Structure formats: C-alpha cells, structure tokens
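All remarks here apply to the structure that follows.
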Amino acid sequence: MLRRGRSKKLRVLLTRTLQDFAVKELQRHYKIEIHSGPFPMPKKKLLLKIKEQDGLICFPYDNIDKEVIQAGTKLKTISAFSVGYDQIDSKYAKKRKIKIGYTPNVLTVATADLTITLILDLLRRVTEGDRLIREGKWKEVFGADTYVGEEVDGKTLGILGFGRIGKAVAKKAQTFGIKVIYHNRNRLPLRQEKALRVRFATLNELFSKSDIVSIHVPYSAETHELVNKSLIKRMKKRAYLVNTARGKIIKERDLIFALKRKIIAGAALDVFYHEPIGKNHQFAKMQNVVLSPHIGSSSIVTRAKMAEITVENLKLGLAGKKPIYSV
Ligand code: NAP
C-alpha cells in the first residue's frame, strides 16, 4: 500500500566525498550527489547543481560566495568540513536564514601537533637533511658544525591568535622549554594569563620579540595579508615564521622576499595563498622552508570526528534545529 504524504528525500550535495561511514549515513537519509576527483568543484558546475539542493557539505578550498548561495534557492543548511568557514559568505547565508555548521575543537590537537612538528623540523633541519640524503649530497660525516640547527629550549614563541589551537600549541611548546607570548584582539584576564604562563604582546611586539612566530588567527577581511613586510621586517634575523592557519593571512610575495634576502631565518608552511602549490613554486626551491600540503587536521581519528560532526550538523540543520557547532 502506498503511504500518502510520505515525503521525498531531501537532496544534499557534497563538493568532495567523505569517509564511507559518513556517506552511508547520508545515503540513509538523503538523496546525495558527490563531486568526485582531487580538485574542487568548478564554480559553473556548483552554480548549476546547487539549484536543486536542500543541504550542502563543503570544504576549505570551496568558494561558497553570495552568487552560489543565491543560486541555491532551496538551500537550508551548509555544513563545512573544517573549523575555518572563511570559504562561506556567512553574512549573506544568515540573511537567507541558512544554518551553517562547522567542526571546531575536534581538530585542535591534530593541528597543534602539526605546528610543533613543523617548528622542530624547521629548527633542527630534518626535512632539509632528508632532501640532502635523497639527492645524494650527504658527503661530510659528523663535522663539528655541519648541518647544525637551533634548539627550541629557551626560545620565545609568539602566537598570533590565541584561541583553541593557539592555546594548545602554547601548552605543548612549554613542555619543550619554550616561552610563550601571544596576541589577540582581546587580551585574556591576567589570572588566565598567569595560569597559562603566557604574556600578552602588541602585534608589533609579538613580531619583534619572538624567535618563532606561529599564526593561528582565522582568515577574515581583517586578517587578509595581515602578515606583510611591515611586520616581517620587525622580526629578528634569526627568527622563523610558521603558518598552519590560512595562506592568505600572509602576503606571500613579502615572505618570499624576506626569505630570499635572509631578513628572517626560515619558514614552515602548511597553507598557501593558492593551493595546491607545485614544485616550481618559489617556496619549493628554498632550503630554509619546510612545506606540508595543508594537513593540519589530517589524522585518521580527527578526520573521522570531523566527518561525524559534519553529518550531524547537516542533519540537525535540515531538521530545522541548531547544528552542534553553529556559525
Ligand atoms: P579560534 O578558537 O576561533 O581562535 C582564533 C583566535 O584568533 C581567537 O583567540 C581570536 O581572538 C584571534 N583573532 C581573531 N581575529 C584576530 C585578529 N584580527 N587579530 C588578532 N587575533 C585575532 O580558532 P581555532 O580553532 O584556534 O582555529 C584557528 C584557525 O586555524 C581556523 O580559523 C582555521 O583557519 C585554521 N586551521 C587550519 C588547519 C589546517 O589544516 N592547517 C586546521 C585547523 C584550523 P580575538 O577574537 O580576541 O581576537
């Protein structure tokens, strides 16, 4: 017997696939469509597909701008597989009363771990040594001052953006004997600073006093190219810059100039102005730069939790409820 009034499944578009368990869960509830392949969904295709969708699951490299949201006339929920949601015109989405979910907290540990890994790698020149061996250039054995790097113990780490990830990096860094200063728009209460053993610094101070500056602010109009030559030139000649937040926070041209001219000692970068970058990118040609392909949250455990939350956020949003983590 046909059940009257049985509603049709809502439609959900994924701009990239998720883990099998998450796809299966989505299939149980919705009619889903997945853009496959290693590259982001072309805008033209996105504009066409979004028209029929009730929900959208998107990734950091997508561009869910006003035009896309406008085209999604049925859209009720956008669920981002990331903590950063700068890829979504959230202001316009809110105007349209579209719910937006994202995945904070669960990726804090993984991203902080990667940041510490990059700092140690950069200062102790591990990847540089790896390249040397693979290129068959390891000739000198244990010279008194060959392949020497820097120790992190006693160094000052300046954290730009002392939120979830910034705080987790501070805690881990302190176990290596690193001193931590930080900059936020809003200073923490003194009691909290004391408990966390950190000191507030102005933006200029952070760049001039640190041996390592690590970026953990979200990308926004305010942080667009915030780290440019005027801040970089304040850094110590032996200082390092680390970015595991978003590429466009750094004015890339200014950093390349500073690295080439040895205005600073080196950089470790997980994120870039335009991703992916290839072997011909200027950064890929510099020995004093360590690169990783945007893997801040890429641990099996974290990515599974992110998928779980992304699906749950979407389900709640499509049911007219508030996502677990709502923008
Ligand atoms: P969060 O908890 O929101 O922390 C961000 C901090 O930045 C806040 O303490 C905020 O404090 C500060 N801030 C914001 N705008 C600022 C500005 N204009 N100047 C100075 N400080 C500013 O975010 P989170 O979870 O730590 O994540 C941070 C970012 O990391 C994300 O937005 C994402 O883009 C990036 N991320 C990257 C990866 C990766 O794969 N590489 C993985 C995870 C996250 P105030 O409001 O007081 O300024």
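Since the structure is predicted, the reported quantities are computational estimates derived from the model, not experimental observations. In listed order, ligands and their atoms are each counted from 1.
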- Could you tell me whether some N/O pair between Asp86 and ligand 1 is separated by less than 3.5 angstrom? no

- Sidechain-backbone polar pair: Thr202 side chain, Glu205 backbone, donor-acceptor under 3.5 Å: yes

- Message: Considering non-hydrogen atoms of the protein only, which is the closest contact for atom 42 (C) of ligand 1, and what is the distance?
- Response: Thr111 OG1, 3.3 Å

- Item | N or O pair under 3.5 Å between Arg185 and ligand 1 | yes

- To the nearest 0.1 Å, how far is atom 13 (N) of ligand 1 from its closest protein heavy atom, and which atom is that? Val217 CG1, 3.7 Å

- Note on the structure: of all protein heavy atoms, closest to atom 6 (C) of ligand 1 is Gly163 N, 3.7 Å

- Message: List ligand 1 atoms under 4.0 Å from Thr223, heavy atoms only on the residue side.
- Response: 17 (C), 18 (N)

- Message: Check for me whether Pro104 has a heavy atom closer than 4.0 Å to any atom of ligand 1.
- Response: no

- Task: Report the nearest protein non-hydrogen atom to atom 27 (O) of ligand 1: residue, atom name, distance rounded to 0.1 Å.
- Result: Ile165 CD1, 3.4 Å

- Message: Working to the nearest 0.5 angstrom, can you tell me the gap between His294 NE2 and Tyr61 OH?
- Response: 9.5 Å

- Return the residue, atom name and 0.1 Å-rounded distance of the protein heavy atom closest to atom 10 (C) of ligand 1. Asn184 OD1, 3.9 Å

- Query: Are Val83 and ligand 1 in contact, using a heavy-atom cut-off of under 4.0 Å?
  - Reply: yes

- Query: Going by heavy atoms, is Phe162 under 4.0 Å from ligand 1?
  - Reply: yes

- Query: Can you list the ligand 1 atoms lying under 4.0 Å from a non-hydrogen atom of Gly296?
  - Reply: 39 (C), 40 (O), 41 (N)

- Distance to 0.1 Å, residue and atom name: give those for the protein heavy atom nearest to atom 3 (O) of ligand 1. Arg164 NH2, 3.5 Å

- Parallel, tilted or perpendicular, as decided by the 30° and 60° cut-offs, for the rings of Tyr273 and His224: perpendicular

- Stepwise salt bridge (Lys or Arg N to Asp or Glu O under 4.0 Å) test for Asp54 and Arg11: CA-CA 5 Å; Asp54 301 284; Arg11 299 178 75 121; over 6 Å; no

- Message: Using a plain distance cutoff, I'd like to know if Asn186 has any nitrogen or oxygen under 3.5 Å from a nitrogen or oxygen of ligand 1.
- Response: yes

- Query: Which ligand 1 atoms are under 4.0 Å away from a heavy-atom of Thr244?
  - Reply: 36 (N), 37 (C), 38 (C), 39 (C), 41 (N)

- Please work out whether the ring planes of Tyr102 and Tyr85 are parallel, tilted or perpendicular, with thresholds of 30° and 60°. perpendicular

- Nearest 0.5 Å, what's the CG-CD distance between Leu314 and Glu25? 10.5 Å

- Counting from 1 in the order shown, the ligand 1 atoms closer than 4.0 Å to a non-hydrogen atom of His294 are 39 (C), 40 (O), 41 (N)

- Query: Got a donor-acceptor contact below 3.5 angstrom from the Thr223 side chain to the Pro218 backbone?
  - Reply: yes

- Query: Do Ile88 and Leu316 share a hydrophobic cluster, counting only Ile, Leu, Val, Met, Phe, Trp and Tyr and linking them when any side-chain heavy atoms are less than 4.5 Å apart?
  - Reply: yes

- Report yes or no: is the cationic atom of Lys66 (NZ for Lys, CZ for Arg) closer than 6.0 Å to the six-membered ring centre of Tyr92, at no more than 45° off its axis? yes

- Heavy-atom contacts with His216 under 4.0 Å: which atoms of ligand 1 show up? List them by number with element. 5 (C), 28 (C)

When the side chains of residues 175-182 are checked against the rest of the protein, which donor-acceptor pairs come out under 3.5 Å, sequence neighbours left out?
residue	atom	partner	partner atom	Å
Thr175	OG1	Lys172	O	2.6
Tyr182	OH	Leu188	N	2.9
Tyr182	OH	Glu193	OE2	2.6

- Message: Polar contacts were defined as any N/O atom of the residue lying under 3.5 Å from an N/O atom of the ligand; does this apply to Val271 and ligand 1?
- Response: no

- Message: Contact between Ile98 and Ile69 at the side-chain level, heavy atoms closer than 4.5 Å - yes or no?
- Response: yes

- Item | Separation of Arg134 CZ from Thr127 OG1 (nearest 0.5 Å) | 9.5 Å

- Ser297 heavy atoms within 4.0 Å reach ligand 1 at atoms 40 (O)

